[in-house]
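As the structure lists them, so they are numbered: ligands from 1, and atoms in each ligand from 1.
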Amino acid sequence: MHEVWSDSTSGFHPASAPDYLPEPQLRELQLRRLKAVVRRCYDNVPLFRQRMDATNMRPDDVQSLDDLSRLPFTQKCDLRDTYPFGLFASPLSEVVRVHASSGTTGKPIVVAYTKEDLDVWTEVIVRCFAACGMHSGDIVQNAYGYGLFTGGLGAHYGAEALGATVIPVSGGNTDRQIMILRDFGVTAICCTPSYFIHLIERAKETGAGLRDLPLRVGVFGAEPWTEEMRAHIQKEAGIEAFDIFGLTEIIGPGVGIECRAHNGLHIFEDHFLPEIVDPESGTPRRDGEEGELVLTTLSKKAMPMIRYRTHDITRIKTGHCSCGRTIRRIERIARRSDDMLIIRGVNLFPSQIETVLLSIEGTTPHYQIIITRDKGLDQLEVQVEVTHELFSDTIGGLEQLRSRISHQLEIMTGLRMEVSLVAPRTIQRSEGKAKRVKDLRNAT
Ligand code: DLL
């Protein structure tokens, strides 16, 4: 069993959490757990044993945290190839929950939790919420999807354990979300940042401004977002917005979160050991250097992950956080190594486009990138919604805005692209993760 903090209301004392362990103690705990998890995988997961045997490595060869880099990587395709239960390290009789991630093609990937795994998950979500200044007595509207997606149930149990009142509304039904926000005196909301922007917009349309509500905290994640989006959300809703990170393969939400310093995301590294590697060669990179985030679960029982390649690009921040937590931070995740689009030979990340759009007055955070191929040449169109005020402006005014966006995009990306200004509410809203890129190159 993992330690559970005792307190008369929430069962939680933030100051005693492992977030503040002195570094030598934290490293010692990590090494102890790393040795145990490597042994568990070797004894129970045939794929892992084969890979270790192929490099002539035995679990006892893990003697220091530096030995981590000698262990084999795990990739998403390993989960697909062993679908559905091939990477489980516990018998099914001990698995009390499964979740799955839909993925874009083919079969989903399946993950498993024992009772102890669920306790760890609850614990890290409690630590997340505490880092956002949430406490017992908060009223939490949980608008992450419930079901196979990890967002809903993951946040749910953590909020309950914190002693908050949870409203398990799940995603969608925007007008009902706004009604609940208003009528139930909600103080904290959990959803994707793109969905919250949609809530702000819909609330404005119905004349129910969010700024006047008791809502104080937003816990947003599951997709990349930018500082510009944070500024927009905080201004429009009058709340403090936090970035929460996680992935199905590792546990779900709760791998890391920002604290109130908003200077990177603390990783709960007593449970999830982070490394940064070169995305191509897999060679480890030092703290401070950008690369792909690789995570090892240190305490998971049902489905531990050794050196899982996340494809998320970030860096481990150096130096200490002003909040006093000793667990390390990563920089916010703006892109994935497999998100990169190659347009006429130039590398392009959708986040570059978003940064430009959000810095230009008159555009809204709703946009779509459409890629086609014409006579063998890639064509890129960016459709951007403009505000009501601007849309009713003169043709000259709109044209001026269009060429400003086009110019700024070219400076940022080095690519010329077609910009189309579209009427408010034309671009489809998502209730979960936003899908901004339509790559039709193989269809044209
Ligand atoms: O999105 C888990 C989650 C639920 C996280 C709710 C936060 C809140 P997956 O569906 O497996 O799991 O997607 C994981 O989403 O590898 C990142 O590429 C991306 N992602 C998740 N959180 C963030 C974030 C959930 N805060 C994948 N910023 C990850 C940027 C994020 N990208």
Requested in this report: Could you tell me which residues satisfy ring pair (Phe, Tyr, Trp, His ring centres under 6.0 Å) with Phe88, sequence neighbours excluded, listed by chain and number?
Outcome: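 Result, ring pair (Phe, Tyr, Trp, His ring centres under 6.0 Å) vs Phe88: Phe85.
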Do me a favour and list the nearest non-hydrogen protein atom to [atom] with residue, atom name and distance?
atom: atom 18 (O) of ligand 1; answer: Asp312 OD1, 2.6 Å
atom: atom 28 (N) of ligand 1; answer: Glu223 O, 3.3 Å
atom: atom 7 (C) of ligand 1; answer: Ala222 N, 3.3 Å
atom: atom 4 (C) of ligand 1; answer: Phe149 CZ, 3.6 Å
atom: atom 13 (O) of ligand 1; answer: Lys433 NZ, 3.0 Å
atom: atom 25 (C) of ligand 1; answer: Gly246 O, 3.6 Å

Would you say [Y] and [X] are linked by a side-chain donor-acceptor pair, where the criterion is simply a distance under 3.5 Å?
X: His311; Y: Arg309; value: no
X: Gln234; Y: Glu240; value: no
X: Arg127; Y: His266; value: no

Distance under 4.0 Å to a non-hydrogen atom of [X]: what atoms of ligand 1 satisfy this?
X: Tyr144; value: 6 (C), 8 (C)
X: Ile333; value: 28 (N), 30 (C)
X: Gly221; value: 7 (C), 8 (C), 26 (N)
X: Arg336; value: 16 (O), 18 (O)
X: Thr150; value: 2 (C)

Salt-bridge criterion met for [X] and [Y] (N-O under 4.0 Å):
X: Glu290; Y: Arg285; value: no
X: Glu289; Y: Arg315; value: no
X: Glu205; Y: Arg202; value: yes

Would you say [X] has any N or O atom under 3.5 Å from an N or O of ligand 1, going by distance alone?
X: Ile244; value: yes
X: Asp243; value: yes
X: Thr248; value: yes

Query - ring pair (Phe, Tyr, Trp, His ring centres under 6.0 Å) partners of residues 168-196, not counting sequence neighbours, each pair once - result: Tyr195-His198, Phe196-Phe220
Requested in this report: Would you indicate whether His320, at its atom NE2, is surrounded by more than 12 heavy atoms from other residues, nucleotides or ligands within a distance under 6.0 Å?
Outcome: no
**Report entry** ligand 1 versus Leu265: contacting region, heavy-atom distance under 4.0 Å
**Finding:**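 Near ligand 1, Leu265 shows nothing, with every heavy atom at 4.0 Å or more.
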**Report entry** Centroid-centroid distance, His156 to Tyr146, less than 6.0 Å
**Finding:** yes
